Colleague: 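The structure follows.
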Amino acid sequence: MTSVRQDEPVRPTTRDEVAAAGSELIGGPIGRRALLGTSWLTPVRIIALVTIGMFALGMVQKLPCYNTGWFFGATSQYTHACYSDIPHLYAGRGFADGLIPYFDRLPGEMNYLEYPVLTGAFMEVASWMTPHSGLIQYREQVYWLVNAGMLLVCAAVIVVCVTRTHRRRPWDGLLVALAPAFALTATINWDLLAVALTAAGMLVWSRSRPLAAGVLIGLATAAKLYPVLLLGPLLMLCWRSGAWRAYGKTVAGAVVAWLVVNVPVMIAHDSSGFHIREGWTKFYTFSQERPIDFGSVWLLISQRTGNFLADVNTYAMLLMILGCGAIALLTFYAPRRPRFAQLAFLVVAVFVLTNKVYSPQYVLWLIPLAVLARPRWRDFLIWQACEVMYFLGIWMYLAYTGNGDKHQGLPLEGYQLVIVVHLLGTLYLCAVVVRDILMPERDVIRRDGDDDPSGGVLDGAPDVFVLGQAYREPRHAGHFEGAPEVRWGSVRE
């Protein structure tokens with residue numbers, strides 16, 4: 001196998017029509033003789049600064065709630081679309097009273113914290129930096145500000161990791177920085193912690209460090225469940241390429257990291273011996289028992305048919321299994337081994353589409369993966385427009401249902417429409433990524449002569465197991481005028 005690469009970075013304004021048109025706001029596309037990386041303002045630093053600016057705008061958007069909406073008026077936080085879980089859970093989950101998550105029972109219906117351990121630790125650390133006296137409103141405001149500062153660090157880590165994952169495409173990170181849904185949802189909940197660890201894991205994997213990647217994926221799974229799904233695409237890709245040793249290291253690192261975080265909280269000991277602590281299981285039992293909730297396809301079906309779908313867990317699991325099976329077949333039948341980022345995006349998107357709930361901040365899970373899987377401004381912005389419509393729609397619907405007889409906001413039929421918009425937007429991006437896999441010549445990453453810059457040990461590796469036509473056809477990149485031809489591996493005998 002041989003591989004040909006160009007060393008110079010890819011300039012989006014010369015390859016992407018939308019990026020070129022948008023660049024007119026700052027003087028037009030970059031010149032052919034421009035000197036990049038010769039000053040302090042490198043692409044990574046520029047993108048990090050843009051991220052900080054957009055994050056700050058997202059905080060400004062929450063200002064009506066910060067002043068009054070979180071504390072006064074039943075629906076003000078919805079009509080201003082500035083809701084956040086963070087201030088409400090400061091008192092609601094015992095942090096204001098100094099209760100220790102998973103160990104101390106909470107008063108009320110939710111008897112323990114319903115978040116994974118690493119997220120609980122994040123919330124607890126923020127509470128340490130919050131005043132322990134004073135009016136509860138002031139303390140909740142400070143708690144949100146402290147969390148926002150910590151989440152800003154996570155946001156910066158995400159964009160730096162995305163920018164560095166594809167070495168020759170640093171400017172793709174600008175898609176993450178400028179994503180409107182990223183700024184709007186960043187401080188709704190604590191999801192950015194898991195997203196940052198996942199992005200770091202993908203960066204480390206791209207540098208052919210599978211053990212470290214596994215550790216980061218394990219830590220991310222200790223903060224949110226979805227990152228464990230990335231081990232599925234890695235299994236398929238390592239199977240196709242025969243990279244079993246690298247996969248084994250990744251799984252081992254993930255398992256050990258997850259256990260190190262969870263075991264101290266999971267295992268309790270008393271006079272009856274060792275047992276699983278009830279507080280630790282709350283996240284898993286809550287996820288299992290949670291009914292159909294906002295934003296899901298199941299809510300749409302339930303509302304339209306009047307069927308409460310008592311077996312929704314079974315239906316969701318079956319659809320998820322079918323989706324993962326389809327991704328596995330796609331991996332083995334594709335004429336060229338899919339890129340890691342493509343499959344990572346697809347498997348998380350399937351999870352989002354089949355889940356019982358779609359909270360607005362779940363879009364954060366997909367944004368970095370979407371940028372690495374399909375770094376085209378047109379497709380990304382179409383999807384983002386759909387997500388912003390859903391973001392506004394859910395708050396207007398909650399305002400409508402919470403306003404009594406006034407009914408100011410979005411009625412049920414309108415909310416069902418924005419659910420469909422969200423589903424179609426995500427399905428559209430999935431369809432484009434699948435097309436790129438089946439037609440590698442349409443993949444913008446491979447058009448530039450690369451194989452899988454996020455693939456690490458998979459980048460340029462030959463295949464050892466394929467199915468269908470992929471087994472017989474020569475594996476090579478499509479050749480394009482002005483682009484280098486990249487020879488692909490052949491099946492080992």
Side-chain angles (χ1 to χ4, degrees), residues 44 48 51 116-119 121-122 150-151 153-167 169-170 172-173 176 182 190-238 241 243-262 324 327 338-352 362 364-373 375 445 452-459:
V44 173
T51 301
V117 171
L118 203 57
T119 296
F122 190 94
M150 295 167 66
L151 292 171
V153 174
C154 295
V157 169
I158 292 166
V159 295
V160 169
C161 290
V162 172
T163 301
R164 292 185 178 277
T165 296
H166 291 174
R167 295 176 186 266
R169 301 184 61 94
D172 289 344
V176 179
F182 194 96
W190 293 269
D191 294 64
L192 282 183
L193 172 62
V195 178
L197 290 167
T198 304
M202 294 191 69
L203 171 62
V204 172
W205 174 268
S206 74
R207 298 299 188 262
S208 300
R209 297 172 60 189
L211 181 61
V215 169
L216 288 165
I217 291 174
L219 293 175
T221 305
K224 207 76 177 178
L225 185 60
Y226 87 91
V228 74
L229 297 173
L230 270 62
L231 296 178
L234 281 178
L235 171 62
M236 299 299 105
L237 293 170
C238 290
S241 64
W244 291 113
R245 183 175 181 181
Y247 184 72
K249 289 182 178 180
T250 303
V251 172
V255 171
V256 170
W258 186 88
L259 289 173
V260 166
V261 171
N262 281 271
C324 291
I327 293 172
R339 292 187 290 108
F340 174 38
Q342 292 174 321
L343 296 190
F345 170 79
L346 289 177
V347 73
V348 177
V350 168
F351 180 68
V352 164
Y362 287 3
L364 296 170
W365 306 355
L366 288 172
I367 287 175
L369 301 177
V371 169
L372 294 173
I445 300 294
D452 185 3
S454 63
V457 298
L458 304 170
D459 189 18

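Note that this is a predicted model, so its numbers are computed, not measured.
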Colleague: Any side-chain heavy-atom pair from Pro116 and Leu225 closer than 4.5 angstrom?
Modeller: no
Colleague: Do you know the tightest heavy-atom contact between Pro368 and Leu364?
Modeller: CD-O, 3.2 Å
Colleague: Around atom CZ of Arg207, are there more than 12 heavy atoms of other residues, nucleotides or ligands at under 6.0 Å?
Modeller: yes
Colleague: Verify, without hydrogens or angle tests, whether Thr221 (side chain) and Val228 (backbone) share a donor-acceptor contact under 3.5 angstrom.
Modeller: yes
Colleague: Just by modelled atom types, is the Trp258 backbone N or O under 3.5 Å from a matching donor or acceptor in the Asn262 side chain?
Modeller: yes
Colleague: Parallel, tilted or perpendicular, judged at 30° and 60°: which one describes the rings of Tyr362 and Trp365?
Modeller: parallel
Colleague: Could you tell me whether a side-chain N or O of Thr250 sits under 3.5 Å from a main-chain N or O of Pro210, the two making a donor and an acceptor?
Modeller: yes
Colleague: Looking at CD1 of Ile445 and CG of Asp172, how far apart are the two atoms once the value is rounded to the nearest 0.5 Å?
Modeller: 6.0 Å
Colleague: Looking only at heavy atoms, what is the nearest atom pair of Ala48 and Val159, with distance?
Modeller: CA-CG2, 4.3 Å
Colleague: Would you say the side-chain atoms of Ser454 pair up with the backbone N or O of Ser206, donor to acceptor, closer than 3.5 Å?
Modeller: no
Colleague: How long is the span from the OG1 atom in Thr119 to the NZ atom in Lys224, to the nearest 0.5 Å?
Modeller: 6.0 Å
Colleague: If you compare all heavy atoms of Leu192 against all heavy atoms of Cys154, which two are closest, and at what distance to 0.1 Å?
Modeller: O-CB, 3.6 Å
Colleague: Kindly compute the distance separating CD1 (Ile327) from CD (Gln342), expressed to the nearest 0.5 Å.
Modeller: 11.5 Å
Colleague: Could you check if a side-chain atom of Leu197 sits within less than 4.5 angstrom of a side-chain atom of Leu118, using non-hydrogen atoms only?
Modeller: yes
Colleague: Do Cys161 and Met202 come close enough that some side-chain heavy atom pair is under 4.5 Å?
Modeller: no
Colleague: Search all heavy atoms of Pro453 against all heavy atoms of Asp459 and return the closest pair with its distance.
Modeller: N-OD1, 4.2 Å
Colleague: Is a donor on one side and an acceptor on the other found under 3.5 Å between the side chain of Arg339 and the backbone of Leu372?
Modeller: yes
Colleague: When rounded to the nearest 0.5 angstrom, what is the spacing between CG in Leu229 and OG1 in Thr198?
Modeller: 10.0 Å
Colleague: Just by distance, do the side chain of Asp452 and the backbone of Phe340 share a donor-acceptor pair under 3.5 Å?
Modeller: yes
Colleague: Hey, what do you get for CH2 (Trp205) to CG (Leu211), rounding to the nearest 0.5 Å?
Modeller: 11.0 Å
Colleague: Would you give the length of the straight line joining atom CG of Leu235 to atom CG of Leu230, rounded to the nearest 0.5 angstrom?
Modeller: 12.5 Å
